[in-house]
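These values consider heavy atoms only, across backbone and side chains, with no hydrogens, waters or symmetry-generated copies. Note that ligands are numbered from 1 as they come in the structure, with each ligand's atoms numbered from 1 the same way.
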Amino acid sequence: MRKPIMAGNWKMNKTPAEAVELVRALEPIVTRYPQVETVVCPPFVDLPAVAAALQGRGEMGVGAQNVHWAESGAYTGEVSAAMLVGLAKYVIIGHSERRQYFGETDEMVNKKIKLALAHGLTPIVCVGESLEQNEAGITAEFVCGQVRADFAGISAEQAAGIVVAYEPIWAIGTGRTATSEIANRICGQVVRGALVELYGDAIAQAMRVQYGGSANEKNIAELMAMPDIDGALVGGASLKADAFGTMVRLAAESVR
Ligand code: 13P
């Protein structure tokens with residue numbers, strides 16, 4: 001039985017003060033649904049304020065949106081895994097916006113995953129095809145290739161805790177969601193299928209695979225009713241406490 005994980009990727013939104021306001025508004029809602037793991041992923045500069053606001057209460061997990069692959073060094077503007085320890089439990093790695101706008105490759109993603117794991121952080125590894133790849137009918141092949149490349153050299157023991165987010169690029173911020181059947185097929189047959197090949201059935205069945213891309217209060221119940229969708233990585237709809245709180249409630253109701 002996989003515990004659903006609902007994660008809010010705030011992207012480049014919210015000042016530290018706004019971030020604290022949002023987690024304070026979310027906390028009483030999230031606390032009612034312990035059957036779901038809820039995570040917020042604010043920008044780096046918000047992490048200390050958010051971690052302090054949630055100190056010791058542990059109802060909500062905190063994640064970073066990125067991490068560098070090196071321990072330390074001359075990488076202006078970057079943040080290392082060691083710096084995130086104590087501030088975040090999770091870290092989003094390989095988001096399509098990082099791949100698209102900042103040239104991240106599967107090789108970088110793979111190195112980042114390894115360093116995050118070495119520091120005890122839990123990666124949320126993002127994969128997903130472009131509109132062109134989708135229309136060319138190569139989604140399964142492409143996503144499977146990303147999973148294989150991103151997990152290269154990662155042991156079954158390390159992989160077991162990792163979360164994978166399937167985010168079709170054409171569905172991100174566009175209002176176009178993959179139908180729940182298609183999302184379930186890619187999360188299950190393709191992503192989990194690739195994980196079964198890499199790590200065997202027991203590990204792959206225990207790993208959580210989220211869907212992301214225009215997930216919101218209206219479509220989350222249908223997505224969560226699918227057997228291979230273990231939660232969502234939510235962008236726009238995670239910026240408002242009522243919308244994201246409703247999504248966490250609906251995800252919790254899907255558990256019963
Ligand atoms: P939206 O929910 O805004 O489409 O963003 C999805 C996403 O990229 C989450 O990482």
Side-chain angles (χ1 to χ4, degrees), residues 4-14 18-19 22 26 36-44 46-47 50 60-67 88-102 104 109 112-113 116 121-131 133-134 139 142-143 146-147 150 162-180 182-184 186-187 191 208-224 226 229-251:
I5 173 164
M6 295 294 291
N9 174 9
W10 296 1
K11 307 192 180 184
M12 197 173 70
N13 294 288
K14 307 285 179 190
E18 289 165 347
L22 179 49
L26 267 175
V36 172
E37 189 168 355
T38 303
V39 178
V40 288
C41 303
F44 286 132
D46 296 351
L47 289 174
V50 166
M60 227 185 308
V62 178
Q65 297 176 16
N66 185 25
V67 66
K89 173 169 183 234
Y90 290 92
V91 57
I92 298 172
I93 297 180
H95 190 279
S96 62
E97 286 150 16
R98 302 278 335 154
R99 296 178 189 255
Q100 190 178 347
Y101 303 129
F102 303 97
E104 277 189 21
V109 170
K112 288 176 178 213
I113 296 172
L121 300 166
T122 299
I124 298 176
V125 180
C126 301
V127 295
E129 83 287 3
S130 66
L131 183 60
Q133 289 162 332
N134 185 277
T139 297
F142 179 76
V143 171
Q146 281 185 316
V147 173
D150 294 348
I162 296 179
V163 177
V164 182
Y166 166 59
E167 299 205 303
I169 298 171
W170 49 270
I172 297 177
T174 58
R176 278 182 69 183
T177 328
T179 64
S180 44
I182 291 173
N184 186 61
I186 308 298
C187 288
V191 175
R208 293 178 293 183
V209 183
Q210 298 174 302
Y211 167 78
S214 298
N216 58 37
E217 316 95 285
K218 295 191 184 75
N219 55 32
I220 192 68
E222 206 189 309
L223 288 162
M224 291 305 296
M226 294 290 154
I229 300 178
D230 307 317
L233 185 56
V234 186
S238 74
L239 296 173
K240 293 209 170 78
D242 54 351
F244 192 55
T246 300
M247 292 178 80
V248 170
R249 173 174 65 77
L250 292 168

*asked:* What protein heavy atom lies closest to atom 2 (O) of ligand 1? Include the residue and the distance to one decimal.
replied: Gly235 N, 2.9 Å
Please list every donor-acceptor pair under 3.5 Å in which a side-chain atom of residues 168-178 meets a protein atom from a residue at least two apart or in another chain.
from: Trp170; atom 1: NE1; to: Glu129; atom 2: OE2; distance (Å): 2.8
from: Thr174; atom 1: OG1; to: Trp170; atom 2: O; distance (Å): 2.8
from: Thr174; atom 1: OG1; to: Ala171; atom 2: O; distance (Å): 3.4
from: Thr174; atom 1: OG1; to: Arg176; atom 2: N; distance (Å): 3.1
from: Thr177; atom 1: OG1; to: Asn219; atom 2: ND2; distance (Å): 3.2

_Suppose I only count heavy atoms of Gly236 and a 4.0 Å limit; which atoms of ligand 1 are within that range?_
1 (P), 2 (O), 3 (O)
*What's the verdict on salt bridge (charged side-chain N to carboxylate O under 4.0 Å, His left out) for Glu217 and Lys240, showing C-alpha distance, side-chain angles and the deciding distance?*
CA-CA 11 Å; Glu217 316 95 285; Lys240 293 209 170 78; over 6 Å; no
*Is Gly173 in polar range of ligand 1, meaning some N or O pair under 3.5 Å apart?*
yes
*Is Leu233 touching ligand 1 with its side chain, its backbone, both, or neither, if touching means heavy atoms under 4.0 Å apart?*
both
_Gap between atom CD1 of Ile5 and atom CG of Asp230 - 0.5 Å precision_ = 10.0 Å
_Audit row: Ser180, Glu222, side-chain hydrogen bond (donor to acceptor under 3.5 Å, both in side chains) steps and yes/no_ = CA-CA 6 Å; Ser180 44; Glu222 206 189 309; 2.6 Å; yes
*Determine, considering heavy atoms only, which of Glu97, Glu167, His95, Gln65 sits nearest to atom 6 (C) of ligand 1.*
Glu167
*With a cut-off of 4.0 Å, which atoms of ligand 1 are near a heavy atom of Ala171?*
4 (O)
*asked:* Applying side chain to side chain donor-acceptor pair (under 3.5 Å), can you list everything that pairs with Ser214, at least two apart in sequence or on another chain?
replied: none
*Nearest to atom 5 (O) of ligand 1, what protein heavy atom do you find, and at what distance?*
Lys11 NZ, 3.2 Å
*Pull out every atom of ligand 1 sitting under 4.0 Å from any heavy atom of Ser214, numbered as shown with elements.*
1 (P), 2 (O), 4 (O)
*Does Gly212 come within less than 4.0 Å of ligand 1, judged by its heavy atoms?*
no
_Between Phe142 and Asn134, is there a side-chain heavy-atom distance shorter than 4.5 Å?_
no
*Minimum heavy-atom separation for Arg208 to Tyr90, with atom names?*
NH2-OH, 3.5 Å
*With a 4.5 Å heavy-atom cut-off, do Val91 and Lys112 have their side chains touching?*
no
*Can an N or O of Ala237 be found at a distance shorter than 3.5 Å from an N or O of ligand 1?*
no
*Can you list the atoms of ligand 1 that are under 4.0 Å from a heavy atom of Gly213?*
4 (O), 6 (C)
*asked:* With a 4.0 Å cut-off on heavy atoms, is Ala7 in contact with ligand 1?
replied: no
